[in-house]
Number of protein chains: 2
Amino acid sequence: MNLQKAWGILKENGFKETTKRNQILEIFEGDERYLTARDILDVMQKDYPSMSYDTVYRNLATFVSLDILEATELSGEKHFRMHCESDHHHHHFICMDCGKIKEIPLCPMDMLGAALPAYEIDNHKFEIYGKCPDCK
Amino acid sequence: MNLQKAWGILKENGFKETTKRNQILEIFEGDERYLTARDILDVMQKDYPSMSYDTVYRNLATFVSLDILEATELSGEKHFRMHCESDHHHHHFICMDCGKIKEIPLCPMDMLGAALPAYEIDNHKFEIYGKCPDCK
DNA sequence: TTTTCCAATAATAATGATTACGATTTACTA
DNA sequence: TAGTAAATCGTAATCATTATTATTGGAAAA
């Protein structure tokens, strides 16, 4: 997703255009890795030394709820990245060295068949961890 | 896994048999749900009011490292349960209401094919979340 | 442009999970 | 049964995250 599309979604939902918000989005646009709230704060505080955690967390939550960002939990910390452009459902390989991801086109739910009769399935997580060719 | 087998592993690795350790294992043996460190402490403090977090966390980490317990991260908290008996690799459906699990016999890695050439795959996570028939 | 309104932010403080550490106790060994 | 290393206690520190309240700033109306 790019900045323009993100702002379209934000505007549609009545969110104001602020410089901080914009800069957070710019960080994600220019970085394909999964980033933590702290990562964002560290970058932002170069320009805005008084930037607070609250602002970071609040905006990250907003972005996730609007599907501008996607989130996952890696080793106990929430990590965020721009939502994928791809329109089809997919999963991710995540490089534990550089944090970059690669899309995996398959979804295990397709092969589930009748393995869970009478169960209510609300969600699923499939992620592969390792090292990308560059880091190997 | 049962208590006896767990103690076999612990003894093999030079760990001492203590009442606390034993009681933590008993809790897991009698509960098929994923439990948190706090869950364990709450139960233990009925018998040992002075039981400390350190003891709980240290032992949970020990048990996981010896494959006596398995761990997963659910909504930001580490959860633990007895390692499955099944000898074949599998994954879990987890009921977000009661915490009980159901084994899923399939593994998406089998269908991965050549989707990740030149990548080093160290680990993967596949979990399905929802409600079990009892909680639905 | 100025005013006004309300969302957004700053500046903490609080919370909840986890880890750390010196002092003390306990389980095993000889 | 005494010695020793491991285990535990008691407590404090740390780390991520959330909550609170006062203030600021964007945008629309006057």
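Naming: A, B, ... by sequence-line order, numbering from 1 per chain. Below, each value reflects all heavy atoms present in this structure, side chains not excepted, and no hydrogens, waters or symmetry copies.
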From CD1 (Ile104(A)) to CZ (Phe93(A)), nearest 0.5 Å: 8.0 Å

Ile27(B), Ile68(B), Leu60(B), Ile24(B) screened by side chain to side chain contact (heavy atoms under 4.5 Å, CB included) with Phe80(B), the one that passes: Leu60(B)

Classify Asp54(A) by what it touches in the nucleic acid, base, sugar-phosphate, or nothing, heavy-atom distance under 4.0 Å. base

Strictly below 4.0 Å: does Lys20(B) bring a side-chain N or O up to OP1 or OP2 of dC9(D)? yes

Below 4.0 Å: OP1/OP2 of dT19(C) and any side-chain N or O of Lys78(B): yes

Both Glu77(B) and Lys11(B) contact DNA chain C. Which one's nearest nucleotide lies toward the 5' end? Glu77(B)

Let me know the distance between CZ of Phe15(A) and C1' of dG25(D), rounded to the nearest Å. 17 Å

For Leu35(B) and dT18(C), give me the distance from atom CG to atom P, rounded to whole Å. 13 Å

Rounded distance in Å - CZ (Phe80(B)) to P (dT18(C)): 7 Å

How would you label the contact of Ser50(A) with the nucleic acid (heavy atoms, under 4.0 Å): base, sugar-phosphate, or nothing? sugar-phosphate

Side-chain H-bond candidate by donor/acceptor type, Asp39(B) with Thr36(B), under 3.5 Å: yes

Below the 4.0 Å mark, does dT9(C) have OP1 or OP2 next to a side-chain nitrogen or oxygen of Arg58(A)? yes

Those residues at least two apart in sequence (or on a different chain) that pass side chain to side chain donor-acceptor pair (under 3.5 Å) with Thr72(A) are Lys125(A), Glu127(A)

Drop me the distance from Met51(B)'s CE to Asp42(B)'s CG, to the nearest 0.5 angstrom. 11.5 Å

Over all strands shown, is Arg38(B) touching base, sugar-phosphate only, or nothing at heavy-atom distances under 4.0 angstrom? sugar-phosphate

Checking all strands, does Thr18(B) fall into the base, sugar-phosphate, or nothing category for heavy-atom contacts under 4.0 angstrom? sugar-phosphate

Considering every strand and a 4.0 Å limit on heavy-atom distances, what is the contact class for Arg21(B): base, sugar-phosphate, or nothing? sugar-phosphate

Rounded to the nearest angstrom, tell me the gap between atom CG in Leu41(B) and atom P in dT18(C). 12 Å

Find the distance between SG (Cys95(A)) and CZ (Arg33(A)) and round it off to the nearest 0.5 Å. 10.5 Å

For dT17(D), does OP1 or OP2 lie under 4.0 Å from any side-chain N or O of Tyr57(A)? yes

Grab the CG-P distance between Leu10(B) and dA6(D) for me, whole Å please. 15 Å

Please state how far atom CD1 in Ile24(B) lies from atom C1' in dA7(D), giving the value in whole angstrom units. 11 Å

dG10(D) OP1/OP2 closer than 4.0 Å to side-chain N/O of Ser52(B): no

Could you tell me whether the phosphate oxygens of dT8(D), OP1 or OP2, come under 4.0 Å of any side-chain nitrogen or oxygen in Lys16(B)? no

What is the distance, to the nearest angstrom, from the CD atom on Glu17(B) to the C1' atom on dC28(C)? 11 Å

Using the side-chain heavy atoms of Ala37(A), tell me which of these nucleotides is nearest: dT9(C), dA5(D), dT17(D). dT17(D)

Gln45(A) atom CD is separated from dT9(C) atom C1', nearest whole Å, by 13 Å

